[in-house]
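As structure tokens, the structure follows; a few thoughts come after it.
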Amino acid sequence: MVKRASEQKDAQAKPRVFTGEVVDVNGEPLPGVTVVVKGTTFGGATDVDGKFELSFTLEGEVTLVFSFVGMESQEIVVKDEKPLRVVLKESSESLEEVVVTGVFERRAESFTGSATTVTRKELLKRGNQNLIQSLRNMDPALNISQNLSFGSDPNKLPDMDLRGTSSFPDIKGQYTSNPNLPLFILDGFETTLEKVIDLDINRIESVTLLKDAAAKAIYGSKAANGVMVIETVRVQSGELRVNYIGSLNLEMPDLSSYNLCNAREKLDLEYQLGAYEGITPKQDFEKKQLYYHNLAEVEQGVNTDWLSKPLRNGIGHKHTLNFEVGTSELRVGVDLSYNNIEGVMKGSKRNTIGGGFTVIYQYKKLLFRNQFSFSTTKSEDSPYGEFSEYAKLNSYWRPYNEDGTLRKYLGVGPVLSENVYNPLFNATINTTYKKNYTDYTNNTYLEWNIQPGMKLVGRVGLTNRISGGEEFLPGSHLKFIRTAEDDFFKRGSYKQTYGKSFSVSSDINLNYSHNWDKHILFANLGANIRSGNSEEYIHSAVGFPNDKMDNIIFAKQYADNSKPTGSESIDREVGTLLAVNYSYDDRYLADFSLRASASSQFGSDNRWGTFWSAGLGWNVHNEAFFKDSGVVRQLRLRASMGYTGSQNFNSYQGMLLYNYFTDDSYLDFIGTYLEGLANSKLKWQQKFDTNYGIDMNLWGRLNVKFDYYRSVTNNLLTDITTPPSLGFTSYKDNLGKLLNTGYEFNVNYLVLTRPEDRMSLNVFVAGTSNKNKIKEISNSLSSLTSSQDKEAAKSNKPFVRFVEGQSLNAIWAVRSKGIDPSSGKEVFVRPDGTLTDTWSALDQVVCGDTEPKLMGNVGFTFEYKGLSVSFTGLYRIGEYMYNQTLVDKVENAQLNYNVDKRAYYDAWMKEGDNVQFKSIGAWNKPTQATSRFVQKLNEFDFSALSIGYDFYRFGFVEKCGLERLQLQFNMNDIGKISSVQIERGTAYPFARYCSFTLNVNF
């Protein structure tokens, strides 16, 4: 790109051409740097690669002035036309110039809130899978949970929270989505987690996490869980530029957590436990016959690796193509992208095609910008079914016959004489699990620079989404293998879904900023309005005896006791916003914001909610006694408080709901019935945040950031129990209070820097700790806890309990002294200290907490000329977890199927055995929640490695007609060191990920 100076050319003088490049201290190009000839209006700006070219007719020496936001300006006297290389240093007065909030930009120097900003370059050093996976390696305050069941399934959305959970878990389905998800803002408009996951990471310019009240309260009613503000790359002016980024991606199954018995070990364990001994002579003969058949298979070398059968190394690819062209008045950009993800389970995939265009037009004081984007995603789950179906199979069963054909029938379980079938068969009969969605978004922005310091910004966003899905299981599917003869023609099922949604949102904001003497004032006054509606239809049918009948039109009938179902919702909101920031001499800072919002989701008497925040700050480094300090470059003290709200709730929870009788009538009249009680006083769930922080920079090398926070969620929406005589068991009301406290820190040290060699070494460590406590609950949650206790008595898993004064993440179990060597029974400890061998839900106590005492990341980045290397590791310390593997695959394991090796050597078999586990077998009762399986987790995850090379100023690059050429290798989820051995990825395995990326600028 070349942005030439506008100048009056002397027809008689030959123009002088000055060229060069501008980089930062790490040697990275700086696009958008302003370059002007001092004392004139001649000037231009650097292109995307930091290069510039100026042409003018001035004679003699000239002084070029280079300036850039957040950098120290530099003046260079030039005499001749040799190419220049200019290095700009970060400004000591403003280490980060602005904080992007999604509504307006704030001066970082006067910002009192707690926020983290991550650039595109930093994201790509932590991986290029998707934005969420990269952020997982950036800021530990964003806790992205690893799902031990669904592992690396590309079609499952992750759970996450920012600074702890602020709502009770969704046990009864009162939320429309995870109640603890942060709010996602994409280019100024609200979006969904799924769209963020599918967003091309190469389009992202920056991501800002707004954490405390001073930072997030401008979003008021939706900001209780924090806000993630995503800005995409803006179109630059200049000559036509083409940028291509291509990646080859490899996903490899990680089965290191599995510790299953091999064929001989499993057969030996079955024999020791009497699985092949019959009660009657006939039964004993049949059992022995089965044993010797299995033994013969083992002796012939049968030792099937069932874990590998549904798996593969997934090879995917990703492509991004951008075109940009324009002048300072008119700029146009077009982008196209394709992302093909091939999961590690065969047939598992996710394909996303996206694109869009941007038009920016500047006319005097008016700036018009329109962004249109579309994306269509098609996903398929593996026809091989859940991974657990393979992990449980005994290794002495063959998957194929001697002639190579697939076996449908594998054998007989030794204990229950149960026929066992081959799950590989399901993948051969047109089994289908598909989903898709198409999203169209158009965002229009209009800015009017009324006068210096005053700007009016109007925005309108439209989003239309259409989604669908189908699940087809033919009649030959193993799910129907035991279907009764009378229901023969009902075998096979088909489930079809269709959904659509549309939303329109608009806001208008008036910005005012003014500087006089030592005073700086910024104010924003705004209003917003939003409307959204959605609907979904679901049809379930049965009767597909042939796997070619893969359309719902071939169905015999609707599923038993089923009919077409679905849901619909309409929600609307309106609000106003006032935000003020004041700074005196860049030393004393103050922030205040006030938002009033009304939503259709709440009671008619409480539509409006008011949310505010206030913050104070002190830039100690700008005091006279620190001005000339060579040590302290920055020292800012911050404090803030305020209220925010959340509304991830059903649209009609506060309304009186009716439905119609469709299977009965009275005198030919159709009746109605109540479906939900109204609560006109239902109001906003509110969260009160307080935050105290410090930002520090020493010697220009050491950056330290520390925050302590305390948040209380009030008016938690819960169910209130009512007498059965009312016809309802509960209704919604605001009763509940939850407390979160914690701290977070980030330390970054520049070990060395050598700009002339573009060399730098940076090390970092970050961490966070959070604790939550239930302060108040409703009677309905108390009743729910009692019902949970009844379920716990019949289950081998711990259940959530709601007890005031305890954590939401507490693990409730009965304390245990271990296994009695003489009887093989477990010895429990009652709360009063007495011992018993009988489990009781009343004896449950808190035996651990799944919230770690400390978690975070540590790593380094190194650059030398064109080479860059970075590594990030994640750590978790002091967390507790319930080791379900030891329950399911050892103590409660059924001998019909494979077990963990620990069942082979650490389970009770005879009197005197001093072991960890009770005797295993099919007739044991479930092991209820016990402290024996609560284990302390300390782990380190080798999470991200990146190696890249920029062929910077290599001659062959220019000869090939290229402006820039970069290669990069990324690897994620490399390995893990853990104090707990547990099966990870039971329904879908975890995967190691690596990619090779080519970045070319034309």
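Side chains of Glu109 and Asn622: a donor-acceptor N/O pair is present below 3.5 angstrom, by distance only. Judged by distance alone, the side chains of Asp586 and Asn619 never bring a donor and an acceptor atom under 3.5 Å apart. Asn339 and Asp200 share no donor-acceptor pair across their side chains, judged by distance under 3.5 Å alone. Counting only N and O atoms by type, the side chains of Glu963 and Asn1001 include no donor and acceptor under 3.5 Å apart. Using a 3.5 Å distance cut-off with no hydrogens or angles, the side chains of Lys211 and Thr116 do pair a donor with an acceptor. Donor-acceptor pairing under 3.5 Å is recorded for the side chains of Tyr445 and Gln371. Ser206 and Thr119 share no side-chain donor-acceptor pair at under 3.5 Å. Side-chain contact, Asn509 with Asn524: a donor N or O sits under 3.5 Å from an acceptor N or O. A side-chain donor from one of Asn128 and Ser247 sits under 3.5 Å from a side-chain acceptor of the other. In this structure, a donor-acceptor pair under 3.5 Å is absent between the side chains of Ser134 and Gln129.
Proximity of Leu635 to Ile694: side-chain heavy atoms (C-beta onward) are separated by under 4.5 Å at one or more points. Side-chain contact between Leu84 and Phe52 is present, with heavy atoms from C-beta onward closer than 4.5 Å. Between Phe368 and Gln362 there is no side-chain heavy-atom pair separated by less than 4.5 Å. For the pair Ile185/Ile230, no side-chain contact is recorded, criterion being any heavy-atom separation below 4.5 Å from C-beta on. Between Asn322 and Val334 the shortest side-chain heavy-atom distance does not fall below 4.5 Å. Using a 4.5 Å heavy-atom cutoff, the side chains of Leu761 and Thr861 are not in contact. Between Leu967 and Thr997, the closest side-chain pair of non-hydrogen atoms is not below 4.5 Å. Taking 4.5 Å as the limit, every side-chain heavy atom of Thr441 sits out of range of all side-chain heavy atoms of Leu186.
Taking the six-membered ring for Trp and the full ring otherwise, Phe951 and Tyr949 have centroids separated by under 6.0 Å.
Across all non-hydrogen atoms, the minimal contact from Asp950 to Leu965 is OD1-O, 3.4 Å. Residues Val87 and Gln74 approach most closely at O-NE2, 2.8 Å, considering heavy atoms. Scanning both residues, Asp707 and Gly693, for their nearest heavy atoms gives OD1-CA, 3.7 Å. Of all the heavy atoms in Glu231 and Asp187, the pair that sits closest is CA-OD1, 3.6 Å. Scanning both residues, Glu122 and Thr117, for their nearest heavy atoms gives OE1-O, 4.0 Å. Between Gly102 and Tyr219, the shortest heavy-atom contact is CA-OH, 3.3 Å.
Within the 3.5 Å criterion, the main-chain N or O of Val704 finds no donor-acceptor partner in the side chain of Tyr749. Ser583 places no side-chain N or O within 3.5 Å of a backbone atom of Ile520 that could act as its donor or acceptor partner. A donor-acceptor contact shorter than 3.5 Å is absent between the side chain of Asn511 and the backbone of Ala523. Distance alone, capped at 3.5 Å, places no donor-acceptor pair between the Arg369 side chain and the Thr358 backbone. Looking only at distances, no side-chain donor or acceptor of Lys865 sits under 3.5 Å from a matching main-chain atom of Arg758. At least one donor-acceptor pair closer than 3.5 Å links the side chain of Asp212 to the backbone N or O of Ser114. Proximity of a side-chain donor or acceptor of Asn243 to a complementary backbone N or O of Val1000 within less than 3.5 Å is detected.
Note that CD1 of Ile218 and CG of Leu577 are 6.5 Å apart. Values are rounded to the nearest 0.5 Å.
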Between Phe969 and Phe996, does the ring-ring contact (aromatic ring centres under 6.0 Å, His included) criterion hold? Intermediate values first, please. CA-CA 5 Å; Phe969 169 78; Phe996 302 87; 5.0 Å; yes
Check the pair Gln968 / Asn970 against side-chain hydrogen bond (donor to acceptor under 3.5 Å, both in side chains), numbers first and verdict last. CA-CA 7 Å; Gln968 186 160 325; Asn970 287 92; 3.2 Å; yes
Is there a side-chain hydrogen bond (donor to acceptor under 3.5 Å, both in side chains) between Asp139 and Asn857 once you walk through the steps? CA-CA 8 Å; Asp139 191 339; Asn857 58 59; over 6 Å; no
Determine whether Asn697 and Asn703 satisfy the following criterion, side-chain hydrogen bond (donor to acceptor under 3.5 Å, both in side chains), listing intermediate values before the conclusion. CA-CA 4 Å; Asn697 177 275; Asn703 286 290; 2.7 Å; yes
So Glu623 and Arg587, salt bridge (Lys or Arg N to Asp or Glu O under 4.0 Å) or not? Walk me through it. CA-CA 7 Å; Glu623 295 290 347; Arg587 289 184 292 161; 3.0 Å; yes
Evaluation steps, ring-ring contact (aromatic ring centres under 6.0 Å, His included), between Tyr582 and Tyr588: CA-CA 8 Å; Tyr582 171 74; Tyr588 309 116; 9.6 Å; no
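With a 6.0 Å radius and a threshold of 12 heavy atoms from other residues, nucleotides or ligands, Phe956 has its CZ atom above the threshold.
Remark: Glu105 does not engage Lys455 in a salt bridge, criterion side-chain N to carboxylate O under 4.0 Å. Between Lys125 and Glu863 there is a salt bridge, with a side-chain nitrogen of the basic residue lying less than 4.0 Å from a carboxylate oxygen of the acidic one. Between Arg331 and Glu324 there is no salt bridge, since no side-chain N of the basic residue sits under 4.0 Å from a carboxylate O of the acidic one. Salt bridge status for Glu21 with Arg85: present, with a side-chain N to carboxylate O gap under 4.0 Å.
A cation-pi contact, defined as under 6.0 Å to the ring centre and within 45° of the axis, links Arg459 to Phe189.
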